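Remember, predicted model here, so these are calculated numbers, not experimental data. Atom set for the values below is all heavy atoms of this structure, side chains included, hydrogens, waters and symmetry mates excluded.
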Amino acid sequence: MADAERMEVILCWHMHQPEYRDLRSGEYQFPWTYLHAVKDYVDMAAHLEAHPAARAVVNFAPVLLEQIADYAAQLEDYLGSGSAIRDPLLAALAEPPMPASPDARSALMKQCLRANRKRIIERFPAYARLAAIAEWMQEHPSSMMYLSNQFLVDLVVWYHLGWIAETVRRADPRVQQLQDKAHGFSVRDRRELLGILLELLGSVVPRYRRLAEAGRVELAMSPYAHPILPLLLDIRAGAETQPEAQLPLVDRYPGGRERARWHLRHGREVFERHFGLTPSGCWPSEGALSNATLELLAEEGLRWSASGESVLRNSMGADAAQADAHAPGHTCQHRVYRFAENTVDCFFRDDGLSDLIGFTYSEWHAEDAVANLVHHLENIKAACVNCRDCAIVIILDGENAWEYYPENGYYFLDALYRELSRHPGFALGTFSGFLDARHPQRAHLASLKAGSWVYGSLSTWIGGPDKNRGWEMLAEAKRAYDRVVAAGTLEPGIAERALMQLAACEGSDWFWWFGDYNPAQSVSDFERLFRLHLSNLYQLLGVEPPAYLSESFTRGTGTPERGGVMRTGSEPT
């Protein structure tokens, strides 16, 4: 079939973790960056490498790239010169002595249970036995005095083995030997596992860079610390879709436009430093767009962006009256859109297909799941007026979903790339490649209603009491920052540290978790880290932190998390 008759399918995987470091001490508060790196980022690269005809877009949050590099440097220094490791869980794997206090031992056991029970823990009988004992001990704290150091060693080793990339598990004899040993792991075993983790962490960026240089992947970026750009630009932006929502007691985020621009520019600097190329496009944090955000992206030279299909629906209105009636198929969500006079090309996520991968297919046989997906793609293709102008866009995160699939999605991803690469009706592509090769006719709308991939609104990050309180605290800290910077009293080195600390405070993840519909443990984890970041900012500024930073301000009473991961499997971020 001629290329003109094939419909483009664009898979976009978003890699994102927030700033987990205490930037004053350098210590990591949570291990999710390195665990997802050695499991998911490695596997996602390997599947693309295994299918030369496959194409995809891979989007990185720059603050994630910095943390991956930092972990690799820590392990290299530890294995080379014995330098301290600044992540407590990774240090527990590295250091011969296990924690002595009952509370510390209990906390370590609890962390080693934070994995998908069905897909990771129960897959390995030795790990499942250790987990069952650890759970019993959590319920009977007095038994902790009988816990041996070897038990903790074996549990920590198995936790890390469980998070190893599936493609590595199948190919690396060192991993297989450790799994076969099953128990009684020695200091030498632990050191060998650390060496494997170092290799994997150090391979992530070079592998994606090679794929990009070969034209098989388009690399894209999000703003540096993953802030919600529409809310930095206009804290009232969410009212465009939810006019009744209660807003924080601040009329704007101070200097928000300058901060939004800084996140884009600094993010690009970090991205270029790691990959050696300039990104053409941006998956904005949480797919959050507004007219002002598009203007800023255009000013910063970005060519394309993307969001969820609900943002497009809201922007069209109930009857799509704003759409360009002269463009055939103007209401199709698979078209490329431009808004007003803006030059940024906007793509919109097919939420139904993306959510099938994120929520549903993990319980299906891989071949059946891919066949079902292809069936949906064929139906979409048949309904499109002009396939040349259309691209079916699937966007989701490249990390959380696979924990719910058998063997980290190995069979599903293999079948997905294989079938879409050889299907006569479809061509796997990238956003820039689609624009360059197809020169699609754009559909035009008068304006874009501010929203994100979640419900087409910004309600996940603003509007609730806890979320609004978070914005009020952040705005107060930003005003303190502005006063001190304007006074010119900070030494250059401290000023730079304060700037980076402010960026960490502005990330989207803190506001995602604030709310009583989320699991209490996750709310507590992220709220504590948010308060720590704010407190660190005040300390760097030489300003006494407000007393309220020592107290929790959120509630979390929802259902337990799926499998212990930080977010649900289907979201792209």
> Checking side-chain hydrogen bond (donor to acceptor under 3.5 Å, both in side chains) for the pair Ser508/Glu286: CA distance, chi angles, key distance, verdict?
Replying inline: CA-CA 8 Å; Ser508 71; Glu286 313 292 1; 3.1 Å; yes
>> Run the ring pair (Phe, Tyr, Trp, His ring centres under 6.0 Å) test on Trp163 and His36 for me, step by step, so that the C-alpha distance in whole Å, both residues' side-chain angles and the decisive distance to 0.1 Å come before the verdict.
In response: CA-CA 8 Å; Trp163 281 81; His36 280 298; 5.5 Å; yes
>> Go through it in stages, so that I can follow the logic: the residues are Asp70 and Tyr28, the test is side-chain contact (heavy atoms from CB on, under 4.5 Å), and I'd like the CA-CA distance, side-chain angles, deciding distance and then a yes or no.
In response: CA-CA 11 Å; Asp70 183 50; Tyr28 283 83; 2.7 Å; yes
> Could you walk me through whether Arg273 and Glu66 pass the salt bridge (Lys or Arg N to Asp or Glu O under 4.0 Å) check?
Replying inline: CA-CA 10 Å; Arg273 186 164 67 246; Glu66 289 186 332; 3.6 Å; yes
>> Please evaluate residues His160 and Tyr34 with respect to the criterion ring pair (Phe, Tyr, Trp, His ring centres under 6.0 Å), reporting the C-alpha separation (whole Å), side-chain torsions for both, the decisive distance (0.1 Å), and the verdict.
In response: CA-CA 10 Å; His160 286 87; Tyr34 85 85; 5.8 Å; yes
>> Please determine whether salt bridge (Lys or Arg N to Asp or Glu O under 4.0 Å) holds for the pair Glu49 and Arg207, giving the CA-CA distance in whole Å, both sets of side-chain angles, and the decisive distance to 0.1 Å.
In response: CA-CA 9 Å; Glu49 292 165 346; Arg207 293 174 80 169; 2.7 Å; yes
> Taking it one step at a time, do Arg531 and Asp525 satisfy salt bridge (Lys or Arg N to Asp or Glu O under 4.0 Å)?
Replying inline: CA-CA 10 Å; Arg531 288 187 289 112; Asp525 286 346; over 6 Å; no
> Going through the checks in order, is the side-chain contact (heavy atoms from CB on, under 4.5 Å) test met by Leu289 and Leu448?
Replying inline: CA-CA 8 Å; Leu289 286 176; Leu448 180 143; 4.0 Å; yes
>> With side-chain contact (heavy atoms from CB on, under 4.5 Å) as the criterion, how do Tyr71 and Leu198 come out once you've worked through the C-alpha distance, each side chain's angles and the decisive distance to 0.1 Å?
In response: CA-CA 8 Å; Tyr71 270 113; Leu198 172 57; over 6 Å; no
> Between His14 and Asp397, does a side-chain hydrogen bond (donor to acceptor under 3.5 Å, both in side chains) hold up when you go through it step by step?
Replying inline: CA-CA 5 Å; His14 173 52; Asp397 74 273; over 6 Å; no
> Under the side-chain contact (heavy atoms from CB on, under 4.5 Å) criterion, do Asp509 and Phe530 qualify, and how do the steps go?
Replying inline: CA-CA 9 Å; Asp509 288 79; Phe530 177 65; over 6 Å; no
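Residues Gln17 and Glu399 bring a donor and an acceptor atom of their side chains to less than 3.5 Å of each other. No hydrogens or angles considered: nothing links the side chains of Tyr224 and Glu269 as a donor-acceptor pair under 3.5 Å. There is a side-chain donor-acceptor pair under 3.5 Å between Tyr548 and Glu476. Between the side chains of Asp87 and Tyr20, no donor-acceptor pair of N or O atoms lies under 3.5 Å. Side-chain polar atoms of Glu506 and Tyr253 form a donor-acceptor pair below 3.5 angstrom. Counted by atom type alone, Arg24 and Gln501 present zero donor-acceptor pairs between their side chains at under 3.5 Å. Checked by atom type, the side-chain pair Ser552/Glu527 shows a donor-acceptor distance below 3.5 Å. Using a 3.5 Å distance cut-off with no hydrogens or angles, the side chains of Ser290 and Asp234 do not pair a donor with an acceptor. Under the 3.5 Å distance criterion, with hydrogens and angles disregarded, a donor-acceptor pair is assigned to the side chains of Ser432 and Glu218. In summary, the side chains of His533 and Asp22 do not present any donor paired with an acceptor at a separation below 3.5 Å, with no hydrogens or angles considered.
Checking side-chain atoms of Ser81 against main-chain N and O of Asp77 turns up a donor-acceptor pair under 3.5 Å. Listed for the Glu19 side chain is a donor-acceptor partner under 3.5 Å among the backbone atoms of Arg21. No donor-acceptor pair under 3.5 Å is formed between the side chain of Arg216 and the backbone N or O of Leu211. Of the possible donor and acceptor atoms, none in the side chain of Arg442 sits under 3.5 Å from a partner among the backbone N and O of Tyr337. Here the side chain of Lys449 pairs no donor or acceptor atom with the backbone of Val311 at under 3.5 angstrom. A donor-acceptor pair under 3.5 Å is formed between the side chain of Ser452 and the backbone N or O of Ser457. Remark: side-chain polar atoms of Thr554 are not paired, donor with acceptor, to backbone N or O of Phe514 under 3.5 angstrom. The main-chain N or O of Asp103 is never found under 3.5 Å from a side-chain atom of Ser106 such that the two would form a donor-acceptor pair. Using a distance-only test at 3.5 Å, with no hydrogens or angles considered, no donor-acceptor pair links the side chain of Arg55 to the main chain of Val217. Judged by distance alone, with hydrogens and angles left aside, the side-chain atoms of Ser222 form no donor-acceptor pair with the main-chain N or O of Ser285 at under 3.5 Å.
In this pair, Trp510 and Phe526 present their aromatic rings tilted. The plane angle is within the 30 to 60° band. Ring planes of Phe431 and Phe347: tilted class, angle from 30 to 60°.
No salt bridge links Asp43 with Lys39; every basic N to acidic carboxylate O contact stays at or beyond 4.0 Å. Electrostatic pairing of Arg236 and Asp251 does not count as a salt bridge here, judged by no charged N lying under 4.0 Å from a carboxylate O. Under the 4.0 Å criterion applied to side-chain N and carboxylate O atoms, Glu472 and Arg469 are assigned as salt-bridge partners. Between Asp345 and Arg338 there is a salt bridge, since at least one side-chain N of the basic residue sits less than 4.0 Å from a carboxylate O of the acidic one. A salt bridge links Arg349 to Asp355: at least one charged side-chain nitrogen sits closer than 4.0 Å to a carboxylate oxygen.
Sorted by first and then second residue, the pairs that involve residues 197-218 and meet ring pair (Phe, Tyr, Trp, His ring centres under 6.0 Å), not counting sequence neighbours, are Phe60-Tyr208.
Scanning both residues, Asn116 and Tyr404, for their nearest heavy atoms gives ND2-CD2, 3.2 Å. Contact record, Leu48 with Ala56: CD2-CB, 4.0 Å, taken as the closest heavy-atom pair. Contact record, Asn468 with Gln246: ND2-O, 3.0 Å, taken as the closest heavy-atom pair. Shortest non-hydrogen contact noted between Ala61 and His226 is CB-CD2, 4.3 Å. In plain terms, the two heavy atoms of Leu549 and Met473 that are nearest each other are CD2-CE, 3.5 Å. Here the shortest heavy-atom pairing between Gly456 and Thr241 reads O-CG2, 3.8 Å.
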Show me the side-chain donor-acceptor pairs of residues 295-303 shorter than 3.5 Å, one per line, residues at least two apart or across chains.
unit_1: Glu299; atom_1: OE1; unit_2: Arg257; atom_2: NH2; d: 3.2
unit_1: Glu299; atom_1: OE1; unit_2: Arg261; atom_2: NH1; d: 3.3
unit_1: Glu299; atom_1: OE1; unit_2: Arg261; atom_2: NH2; d: 2.7
unit_1: Glu299; atom_1: OE2; unit_2: Arg257; atom_2: NH2; d: 3.0
unit_1: Glu300; atom_1: OE1; unit_2: Arg265; atom_2: NE; d: 2.9
unit_1: Glu300; atom_1: OE1; unit_2: Arg268; atom_2: NH2; d: 3.1
unit_1: Glu300; atom_1: OE2; unit_2: Arg261; atom_2: NH1; d: 2.6
unit_1: Glu300; atom_1: OE2; unit_2: Arg265; atom_2: NE; d: 3.2
unit_1: Glu300; atom_1: OE2; unit_2: Arg265; atom_2: NH2; d: 3.2
unit_1: Arg303; atom_1: NH1; unit_2: Asp436; atom_2: OD1; d: 3.1
unit_1: Arg303; atom_1: NH2; unit_2: Asp436; atom_2: OD1; d: 2.4

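Heavy-atom contacts from other residues, nucleotides or ligands closer than 6.0 Å to CD of Glu95 number more than 12. Atom CZ of Phe553 is surrounded by more than 12 heavy atoms from other residues, nucleotides or ligands within 6.0 Å.
Two residues are said to be in side-chain contact when any heavy atoms from C-beta on lie closer than 4.5 Å; Leu65 and Phe275 meet this criterion.
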